[in-house]
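What follows is a short report on a single structure.
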Amino acid sequence: MKTLRDVKIGETVNVVKLHGEGPVKRRIMDMGITRGTQVFVRKVAPLGDPMEVTVRGYELSLRKADTEMIEVE
């Protein structure tokens, strides 16, 4: 299983599945990250937290814990 955390800078991936439960999963979906969405990784902070991505035409910063819940291909 490959998660968004494993994606390198400059790569574009598709979301396969969201893991997690309740409010955490709902918050990720509210940010526009749903199954089938393309995600482009723009930057990653030196320690890997946070990660800046482009989703649906806007830029978004995600914490490392959140990126581990997003399964991609």
Side-chain angles (χ1 to χ4, degrees):
M1 177 180 84
K2 183 176 178 182
T3 64
L4 188 57
R5 182 173 183 234
D6 304 324
V7 178
K8 305 284 185 243
I9 296 171
E11 289 184 350
T12 301
V13 293
N14 288 317
V15 176
V16 176
K17 185 176 182 181
L18 295 175
H19 299 279
E21 297 178 4
V24 176
K25 185 175 180 179
R26 176 37 96 208
R27 185 171 51 83
I28 292 172
M29 291 175 71
D30 287 344
M31 289 187 275
I33 300 174
T34 56
R35 188 174 39 180
T37 305
Q38 282 194 339
V39 179
F40 174 71
V41 178
R42 294 177 44 86
K43 298 179 196 170
V44 179
L47 297 176
D49 197 15
M51 175 184 277
E52 187 176 308
V53 297
T54 302
V55 180
R56 299 180 188 256
Y58 68 93
E59 294 165 9
L60 179 66
S61 291
L62 296 169
R63 294 180 296 193
K64 191 185 318 186
D66 293 340
T67 60
E68 291 172 346
M69 290 186 234
I70 303 168
E71 185 178 337
V72 296
E73 64 177 4

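This is a predicted model, so every value here is computed, not measured. Side-chain atoms are counted along with the backbone in the values below, which use heavy atoms only and exclude waters and symmetry mates.
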Quiz item: Taking the side chain from Arg5 and the backbone from Thr67, do they hold a donor-acceptor pair closer than 3.5 Å?
Solution: no

Quiz item: Given side chains that start at C-beta, do those of Val7 and Lys2 come closer than 4.5 Å, heavy atoms only?
Solution: yes

Exercise. Measure the shortest side-chain to side-chain distance between Thr54 and Val39 over non-hydrogen atoms and say whether it is less than 4.5 angstrom.
Key: no

Self-check item: Check: Asp49 side chain, Lys64 main-chain N or O, donor-acceptor pair, under 3.5 Å
Solution: yes

Quiz item: Any chance the side chains of Ser61 and Arg42 put a donor and an acceptor closer than 3.5 Å?
Solution: no

Quiz item: Do Leu62 and Val53 come within less than 4.5 Å of each other through their side chains, counting heavy atoms only?
Solution: yes

Self-check item: side chain to side chain contact (heavy atoms under 4.5 Å, CB included) between Met69 and Lys25, intermediate numbers included
Solution: CA-CA 8 Å; Met69 290 186 234; Lys25 185 175 180 179; over 6 Å; no

Quiz item: Side-chain contact, heavy-atom cut-off 4.5 Å: Ile70 with Leu18?
Solution: yes

Self-check item: Closest non-hydrogen atom pair, Leu4 against Val13
Solution: CD1-CG2, 4.1 Å

Quiz prompt | Minimum-distance pair of heavy atoms, taken over all atoms of Val41 and Lys8 | solution = CB-O, 3.7 Å

Quiz item: Shortest non-hydrogen contact from Ile33 to Leu60?
Solution: CD1-CD2, 3.9 Å

Quiz prompt | Phe40 with Ile28, same ILVMFWY side-chain cluster at under 4.5 Å | solution = no

Practice problem: Answer yes or no: is there an ion pair linking Asp30 with Arg27, defined by an N-O contact shorter than 4.0 Å? | Solution: no

Practice problem: Would you kindly confirm whether Val55 and Ile9 end up in one hydrophobic cluster when ILVMFWY residues are joined by side chain heavy atoms under 4.5 Å apart? | Solution: yes

Exercise. Taking the side chain as every heavy atom from C-beta outward, state whether Glu21 and Arg26 have any atom pair closer than 4.5 Å.
Key: no

Quiz item: So does Arg35 have more than 12 non-hydrogen atoms from other groups sitting under 6.0 Å from CZ?
Solution: no

Practice problem: Tell me, yes or no, whether the heavy-atom count around Lys17 atom NZ, taken from other residues, nucleotides or ligands under 6.0 Å, exceeds 12. | Solution: no

Quiz prompt | Nearest-0.5 Å distance, CD of residue Glu73 to CG of residue Asn14 | solution = 6.0 Å

